[in-house]
2 protein chains.
Amino acid sequence: MKKGLSQICYKFFSCLSNPTRLAAIEKLIEKPMSVNEIANALGEEQSMISHNLKTLLECNLITSNRLGKKRIYSLNTETMEALLKIVKNHAKKYCPKGGKCPVKED
Amino acid sequence: MKKGLSQICYKFFSCLSNPTRLAAIEKLIEKPMSVNEIANALGEEQSMISHNLKTLLECNLITSNRLGKKRIYSLNTETMEALLKIVKNHAKKYCPKGGKCPVKED
DNA sequence: ATTACATATGAATAATAATTCATATAAAGC
DNA sequence: GCTTTATATGAATTATTATTCATATGTAAT
């Protein structure tokens with residue numbers, strides 16, 4: 001593993017580079033939810049969602065607190081909203097059609 | 001692949017979740033460089049850097065232009081500076097020691 | 001048109017990460 | 001303490017991504 005930037009950013013971005021975790025984040029934008037709520041909403045297995053939420057927790061991109069038998073997960077909105085704003089802006093600029101982003105050759 | 005947020009963000013974050021690419025970006029923060037300059041600076045193989053720069057190009061996180069026999073790569077500073085600012089801020093808040101980020105349990 | 005230098009590409013291998021499944025732990029009510 | 005519900009965990013399998021190596025392409029100078 002390299003030093004500097006890599007060290008700081010690698011885990012952070014790795015955490016976000018997974019469709020299941022991004023889908024979970026998308027759900028958590030709506031409201032805090034339990035594991036099963038997310039799993040049902042996404043049509044995925046409970047244990048898979050649990051594994052992935054753990055990854056997000058370790059990056060501090062979500063937080064959790066227990067509520068009876070359930071555990072409620074909440075989005076770290078401070079970081080995530082700022083982040084999504086940038087990504088959406090980047091996408092709007094470079095991938096206007098949503099699908100493939102053309103690369104301009106010069 | 002899931003829709004929505006995932007669709008937009010997945011490639012973007014995947015592109016950034018690789019130590020070699022992050023190290024290359026770190027070099028490009030200093031100044032625009034050719035493939036060999038980056039490869040030498042990082043002590044990596046030319047073809048590996050070339051492959052990774054291609055990935056960054058496809059995400060529009062860098063641009064390139066030819067200069068004689070060389071091809072000079074430049075950072076998309078607009079997106080990257082904003083992005084790094086957020087990540088650094090997040091790291092400062094949650095991983096003050098730089099190493100492992102503690103997860104607070106509640 | 002041949003050579004040297006710079007970069008790119010494809011395909012194989014190696015490395016890493018994700019998902020699944022079986023099972024363990026935790027909380028709450030009876 | 002037993003049962004039910006909710007979540008977590010570990011290990012095996014599967015899938016994805018990176019790297020390497022050999023080679024091809026592109027540019028410029030002689």
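Residue numbering restarts at 1 for every chain, and letters A, B, ... go by the order of the sequence lines. All heavy atoms count here, side chains included; hydrogens, waters and symmetry mates do not.
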What residues, two or more places apart in sequence or in another chain, satisfy side chain to side chain contact (heavy atoms under 4.5 Å, CB included) together with Ser50(B)?
-> Val35(B), Gln46(B)
Whole angstrom is fine here: how far is it from CD1 in Ile38(B) over to P in dA6(C)?
-> 14 Å
Lys70(A) atom NZ is separated from dT4(D) atom P, nearest whole Å, by 19 Å
Partner residues of Lys11(B) under the salt bridge (Lys or Arg N to Asp or Glu O under 4.0 Å) criterion, sequence neighbours left out = none
For Ile72(A) and dA8(D), what is the distance between atoms CD1 and P respectively, to the nearest whole Å?
-> 11 Å
Measure the distance from CG on Leu57(B) to P on dT7(C) and round it to the nearest whole Å.
-> 13 Å
Close side-chain approach of Met80(A) and Leu61(A), heavy atoms under 4.5 Å = yes
Rounded to the nearest angstrom, tell me the gap between atom CG in Leu56(B) and atom P in dT7(C).
-> 16 Å
Whole-Å gap separating C1' (dT19(D)) and NZ (Lys54(B)) = 15 Å
Whole Å only: how far is the CD atom of Glu44(A) from the P atom of dT7(D)?
-> 16 Å
So, does Asn89(B) use its side chain to make a donor-acceptor pair with the main chain of Lys85(B) at under 3.5 Å?
-> no
Identify each atom pair where a protein N or O and an N or O of nucleotides 16-18 of chain D are less than 3.5 Å apart, giving names and distance.
from, atom 1, to, atom 2, distance (Å)
dT17(D), OP1, Tyr10(B), OH, 2.4
dA18(D), OP1, Arg21(B), NH1, 3.4
dA18(D), OP1, Arg21(B), NH2, 2.3
dA18(D), O5', Asn18(B), ND2, 3.1

Take atom CE of Met33(B) and atom P of dT7(C), then tell me their distance rounded to the nearest Å.
-> 13 Å
Taking the side chain as every heavy atom from C-beta outward, state whether Leu83(B) and Leu16(B) have any atom pair closer than 4.5 Å.
-> yes
Any sub-3.5 Å donor-acceptor pair from Arg21(B)'s side-chain atoms to Leu53(B)'s backbone N or O?
-> no
Non-neighbouring partners of Asn76(A) that pass side chain to side chain contact (heavy atoms under 4.5 Å, CB included), sequence neighbours left out = Glu78(A), Thr79(A), His90(B), Tyr94(B)
Taking protein heavy atoms under 4.0 Å as touching, what does nucleotides 22-30 of chain D look like 5' to 3' if B marks base contact, S marks sugar-phosphate-only contact and - marks none?
-> B----BS--
Closer to the 5' end of DNA chain C via nearest nucleotide, is it His51(B) or Asn36(B)?
-> Asn36(B)
Tyr73(B) or Glu45(A), whichever maps to the more 5' nucleotide of DNA chain C = Tyr73(B)
Please list, chain by chain and in numerical order, all residues satisfying ring-ring contact (aromatic ring centres under 6.0 Å, His included) with Tyr73(B), sequence neighbours excluded.
-> none
